[in-house]
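For reference, the structure is listed below as structure tokens.
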Amino acid sequence: MDDLNKQPLISEVREELEKTLGPIEVLALALGAIVGWGCFVLPGIRFLPDAGPLGTVIAFFIGALFQCIVALSYSVLIKPYPVAGGAFAYAYAGFGTNGAFICGWALVLSYICVIAANAMALILLTRYLIPGVFDVGYLYTIAGWDINIGELAFVSVVLLLFGFMNLRGMSAASTIQVFLAFALAIGVLVLTVGTIQADSSSIDNLRPFFAEDRSPLACILMVLALTPWLYVGFDTIPQTAEEFNFSPHKARSLMLWSIVCGGIIYSLVALCVAGLIPYKELLAQNHAWATGWVADQIFGRWGGVALTVPVLAGILTGMNGFFMATTRLLFSMGRSKFLPSFFAAVHPRYNTPWKSVLFTLILCLLVPWFGRAALSWIVDMSAIGTALAYLYTSLTAYKYLLRNPGAPESGWGKPICLIGAATSIVCFVLLIFPSSPAAISVPSWIMLFIWVGLGGLFYYNRSAELLNTPHATLRYLLFGKSDYPVLFDEDDEDVESEAELSATAR
């Protein structure tokens, strides 16, 4: 064991991240990731049609409560595992190699979906801001949405730009992130005040409070099932724990505040869209971007355009942030042998995981070819991925508290972790159970099966080496120390590994 600690197992020097992030920067990072394109685009195409105004707001706050419970589970694990990797590293600590791979691959799905969805949101914004400029060169129509060469070229260039930035190792400064988060909050506040003061605004415009074609409970569940995806940005805090220049104890309050503020902002935007005119009438008009149309009516064309600046900034920073998170997660899984070494390749000049960047970029470039309908498919798949990651984290936190009864969180932590796991399971079941009001669509299932199949191929090709790698080596690669404590029985997993290897050989 001493030799393992003295001799790094993969490289002579294990690089560590610099501790440069303060509490304000971390909070801005999380809030900026939570409040992205979905807050401004989905009210007119998903939230209000599926749940109605009151059903949407109730779901937002119930979902925020559930995610706060999950965040408490994360806060339990940040202190004993203050490393980059978040839920992927926690899943290994709690469940070993199989659990870590499943959780990591699900999280990659979630992050890639966020990038792709932001790319589609850019097309919606261009149709609102500069109609007719990019929607040229008609190709075909999917679910009533025209696919045009101009828009595909535009969004592809943006994605290529972010790919190039990540190849070069460029990232937004933390001070810029704080400014953009502030701009988002101010923009929503201005929209809210303007809607309240508009002559046509009325509580009666919010009727019917729930969607008319389903029960109030079904309406709430339709949006509640998506809340793991809506609030996914809070888990950027544990992912950056290695870079904190403050005590990890503060992470708990930062995560809770980011979720609560996110829920308030989501609710305000949805009510603004629904409250200016009768929202059923607004939905019938089928605007490409209902929130932008509402801003136009309140502030005039140029006022509405000005309001899109913080929205656009939020979309772009969200794209870049999740692009970085995806590529670094793929790199981490490749470096620790969970994925092929292809993903761990480092560019000789820029010292970045360039093949992980390329893989992420290719997947994201495919999405715009499916049109606006892809937004709903992406949201569904992303919600499934995040729900699974939250489940692993909650269960790992529970196991940690069982092993450490003297921990300060032990008294309240165990029931909270079980509730967090239960809420994740509920969201997961709501999405996959066929008779559920929030059941994902057939295209979502097809794309999900493709993703699971791709992960299965990767795991099958890596299983022999991965399952035969000593846990001391994996602990070093993930946590920086070969004797770092874990919560699963290594001997039991070694027996299972031998059986799996024998089956593979046969």
Side-chain angles (χ1 to χ4, degrees), residues 38 46 50 87-88 91 95 97-120 140 142-143 145 147 159 221-222 224-230 232 322 325-327 329-330 333-334 338-340 342-343 356 358-392 424-463 466 500 503-504:
R46 188 71 182 265
D50 286 351
F88 166 62
F95 296 93
T97 53
N98 292 334
F101 181 85
I102 294 171
C103 181
W105 194 243
L107 207 55
V108 171
L109 169 66
S110 176
Y111 289 170
I112 286 180
C113 286
V114 173
I115 303 169
N118 276 307
M120 287 304 305
Y140 50 87
I142 294 182
W145 184 264
I147 309 297
L159 287 169
L221 293 177
M222 290 284 288
L224 182 62
L226 304 178
T227 51
W229 171 78
L230 295 176
V232 64
F322 278 107
T326 305
T327 55
L329 178 57
L330 287 168
M333 294 180 72
F338 284 83
L339 288 177
F342 169 92
F343 293 96
S356 292
L358 181 63
F359 178 81
T360 302
L361 178 62
I362 291 173
L363 289 181
C364 292
L365 286 171
L366 296 175
V367 174
W369 292 81
F370 294 94
R372 188 172 69 171
L375 284 175
S376 295
W377 308 341
I378 289 169
V379 169
D380 291 339
M381 291 192 300
S382 184
I384 287 177
T386 50
L388 195 57
Y390 294 167
L391 175 61
Y392 270 104
S424 300
I425 292 172
V426 168
C427 291
F428 191 80
V429 170
L430 285 173
L431 290 165
I432 68 172
F433 197 65
S435 60
S436 165
I440 67 177
S441 62
V442 173
S444 298
W445 274 116
I446 294 173
M447 297 175 73
L448 183 61
F449 280 134
I450 292 173
W451 183 257
V452 171
L454 183 62
L457 288 175
F458 280 140
Y459 191 71
Y460 177 79
N461 290 330
R462 300 297 302 159
S463 60
L466 178 62
E500 291 185 29
T504 301

Between the CG atom in Leu430 and the CE atom in Met222, the distance rounded to the nearest 0.5 Å is 10.5 Å
Rounded to the nearest 0.5 angstrom, the CE-SG distance for Met447 and Cys113 is 7.0 Å
Sorted by chain and residue number, the ring-ring contact (aromatic ring centres under 6.0 Å, His included) partners of Phe449 (sequence neighbours excluded) come out as Trp445
Residues passing the side-chain contact (heavy atoms from CB on, under 4.5 Å) test with Thr326, sequence neighbours excluded, are Val108, Tyr111, Ile112, Ile115, Leu330, Thr360
Distance col, row Ser356:OG vs Phe342:CZ, nearest 0.5 angstrom, shows 7.0 Å
All heavy atoms of Tyr140 vs all of Ile142, minimum pair found to be CE1-CD1, 3.7 Å
When rounded to the nearest 0.5 Å, the distance separating SG of Cys364 from CG of Asn118 is 9.5 Å
Does any non-hydrogen side-chain atom of Val232 lie less than 4.5 Å from one of Ser110? yes
| field | Stepwise side chain to side chain contact (heavy atoms under 4.5 Å, CB included) check, Trp451 with Ile446 | value | CA-CA 9 Å; Trp451 183 257; Ile446 294 173; over 6 Å; no
inquiry  = Would you say that Asn461 contacts Tyr459 through its side chain, given a criterion of any heavy-atom pair below 4.5 Å between the two side chains?
reply    = no
Residues Pro228 and Ala387: closest non-hydrogen pair is CB-N, 4.0 Å
Please confirm whether the ring centroid of Phe88 lies under 6.0 Å from the ring centroid of Phe101. no
Taken to the nearest 0.5 Å, the spacing of Ile384 CD1 from Ile440 CD1 works out to 4.0 Å
Practice task
Using a 4.5 Å cut-off on heavy atoms from C-beta on, say whether the side chain of Met120 contacts that of Val367.
Solution key: yes
Between Ala91 and Cys103 the two heavy atoms that sit nearest each other are CB-CB, 3.6 Å
By side-chain contact (heavy atoms from CB on, under 4.5 Å), Leu358 pairs with (sequence neighbours left out) Ile362
*asked:* Quick one, Leu224 and Val426 - any side-chain contact, counting heavy atoms below 4.5 Å?
replied: no
Rounded to the nearest 0.5 angstrom, the CZ-OH distance for Phe428 and Tyr390 is 14.5 Å
Under a 4.5 Å cut-off applied to non-hydrogen side-chain atoms, are Phe338 and Thr97 in contact? yes
Next item on the list: May I ask you to test the Cys427-Ser424 pair for a side-chain heavy-atom distance under 4.5 Å?
Entry: no
By side-chain contact (heavy atoms from CB on, under 4.5 Å), Val429 pairs with (sequence neighbours left out) Ile425, Phe433
Those residues at least two apart in sequence (or on a different chain) that pass ring-ring contact (aromatic ring centres under 6.0 Å, His included) with Phe458 are Trp105, Phe343
For Ala119, the side-chain contact (heavy atoms from CB on, under 4.5 Å) test, sequence neighbours excluded, returns Val155, Leu159, Met319
